[in-house]
2 protein chains.
Amino acid sequence: MSEISRNGVGGGGQPGRIGIGLELDDVHMKILEVLRENGRISVAALAERVGISRANAYTRFEALRADGAIKRFTAEIDHVRTGLGITALIFVTVRQQMWKQFRAELARMPEVEYCAITTGQHDAMIQVRVSDVAAVHTMVTDRLANIPAVKATETVFILDEVLKRPYVLPSDGDRDRPRSPRRPAPEAQGDVPLGMMRFVGAAEGRAALRKDG
Amino acid sequence: MSEISRNGVGGGGQPGRIGIGLELDDVHMKILEVLRENGRISVAALAERVGISRANAYTRFEALRADGAIKRFTAEIDHVRTGLGITALIFVTVRQQMWKQFRAELARMPEVEYCAITTGQHDAMIQVRVSDVAAVHTMVTDRLANIPAVKATETVFILDEVLKRPYVLPSDGDRDRPRSPRRPAPEAQGDVPLGMMRFVGAAEGRAALRKDG
DNA sequence: GTTGAAATTAGTACGAA
DNA sequence: TTCGTACTAATTTCAAC
């Protein structure tokens with residue numbers, strides 16, 4: 001379920017004005033900041049925390065929802081408590097021209113929480129939550145392996161989830177980041193050990209793969 | 001911020017009864033199911049959808065919150081709309097005995113949405129959201145490279161987020177999954193191309209790394 | 001975009017089954 | 001435990017400014 005908006009590399013626009021949606025000003029951002037920490041706050045309390053009137057808060061709240069800037073509200077739950085304490089990442093290599101099938105099969109796998117198409121060595125990364133390690137094995141060898149679209153997989157386990165923010169906002173950077181310019185100053189690039197850093201681009205023909213998804 | 005519960009590989013318990021918390025029955029699960037799709041639903045409406053009384057819904061709702069099964073409520077937002085349309089995964093190799101420093105530095109990076117410690121070739125995977133591809137480059141070469149704890153990185157871009165469920169619940173499997181047993185039947189393992197599947201274990205000495213985090 | 005007052009709904013506290 | 005009801009407090013809506 002829940003197809004989400006596409007992020008195209010290189011398609012980044014300027015903050016606050018993207019697409020044909022409404023313009024997000026500082027007040028909108030502040031509203032989002034509050035809602036990400038407490039999604040169940042009343043609009044009245046929200047108005048007070050943001051520093052605007054009730055009516056204004058209702059208007060903006062509804063606008064953010066209607067525009068799609070807020071996609072939905074959800075509860076964050078403790079997976080260990082619900083019996084799904086094992087999390088794994090499965091990197092999948094997908095056969096060309098079979099993306100549609102791959103996506104269809106994904107929708108039929110409830111244990112998959114997240115799937116993203118990536119550049120690099122593999123084509124997609126999926127995150128699964130299951131009750132035990134055996135279930136990961138079953139998932140990979142029984143379910144994924146039986147999908148013709150899946151050429152190969154590579155599985156790693158998640159030992160610990162160190163950080164999980166509800167989501168990131170542009171305004172987060174205003175806190176302690178030194179307001180870095182879009183492009184780093186040329187002289188700043190010299191003093192880092194670039195040899196240790198690898199940017200992994202898309203494999204050959206990857207660009208064409210997105211079309212038949 | 002927001003340290004979350006640790007998921008230990010091999011530490012999976014039986015569903016519905018983990019740790020010393022409250023016992024989660026079918027009604028609790030149904031409540032979570034509703035709340036994950038609509039985190040702002042009123043308790044009155046929640047009671048109706050689950051099929052219990054209002055008073056009972058309040059009791060269980062509060063119990064789930066107090067127990068920690070529900071960690072928080074949040075709004076899911078459209079990152080492209082807020083100007084953070086570029087998402088990247090950075091796989092990090094961390095120097096032994098320097099995990100504490102790595103985690104401290106992570107907390108000071110607002111663009112990091114998620115960080116997990118993994119088995120396999122790398123030690124950690126972090127997901128960042130920024131406004132443009134140049135910001136990823138700045139992030140990796142300027143910020144991450146300057147952390148002594150970081151030995152090496154590998155970066156891939158996310159081209160498309162195909163699937164993003166609020167979270168997975170054990171009951172999700174009751175829908176269309178053929179109620180698979182914990183461990184796959186021996187004969188079922190023979191007809192899959194195991195040669196294409198790779199399970200990547202932890203690098204040498206990885207187990208010791210968790211202690212000094 | 002703001003304030004204030006009416007209508008509605010949410011949250012709490014009971015006793016009964 | 002769970003349900004049903006009554007009570008109190010808060011929120012949402014809608015009006016005028």
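Numbers restart at 1 for each chain; the letters A, B, ... are given by sequence-line order, proteins then strands.
- Regarding contacts with the backbone of dG4(C), every side-chain N or O of R54(A) stays at 4.0 angstrom or more from both OP1 and OP2.
- Comparing I52(A) and V43(B) along DNA chain C, the residue whose closest nucleotide (by nearest heavy atom) sits nearer the 5' end is I52(A).
- Atom CZ of R65(B) is separated from atom P of dG11(C) by 11 Å (rounded to the nearest Å).
- Residue A45(A) is the one, among A55(A) and A45(A), whose nearest nucleotide of DNA chain D lies closer to the 5' end (criterion: closest heavy atom).
- When distances are taken from the side chain of A44(B) to each of dT2(D), dT13(D), dA10(C), the shortest belongs to dA10(C).
- Listed for the N146(B) side chain is a donor-acceptor partner under 3.5 Å among the backbone atoms of D142(B).
- Counting to the nearest Å, the P atom of dG11(C) and the CD1 atom of I41(B) are 12 Å from each other.
- An OP1 or OP2 oxygen of dT2(D) is reached within less than 4.0 angstrom by a side-chain nitrogen or oxygen of R60(B).
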Inset, instruction - Could you walk me through whether F73(A) and R65(A) pass the side-chain contact (heavy atoms from CB on, under 4.5 Å) test, one step at a time? - result: CA-CA 10 Å; F73(A) 291 93; R65(A) 254 182 159 314; 3.5 Å; yes
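- Within the nucleic acid shown, R40(A) has no heavy atom closer than 4.0 Å to any nucleic acid atom.
- In this structure, F61(A) places its CZ atom 10 Å from P of dT13(D), rounding to the nearest Å.
- As a whole-Å value, the separation of N56(A) CG from dT12(D) C1' is 15 Å.
- Atom CD of E48(A) and atom P of dA10(D) are 12 Å apart (whole Å).
- What separates CG of L46(A) from P of dT12(D) is a distance of 10 Å, to the nearest Å.
- The aromatic rings of H137(A) and F199(B) sit tilted, their planes meeting at an angle between 30° and 60°.
- Counting only heavy atoms from C-beta outward, the side chains of I158(B) and Q127(B) approach each other to under 4.5 Å.
- Between E62(A) atom CD and dC14(D) atom C1' there is a gap of 16 Å when expressed in whole angstrom units.
- In this structure, R49(A) atom CZ and dT11(D) atom C1' are separated by 18 Å, rounded to whole Å.
- Between S42(B) and the phosphate of dA10(C), there is a side-chain N or O to OP1/OP2 separation shorter than 4.0 Å.
- For M98(B) against P148(B), the heavy-atom pair with the smallest separation is CE-CB, 3.6 Å.
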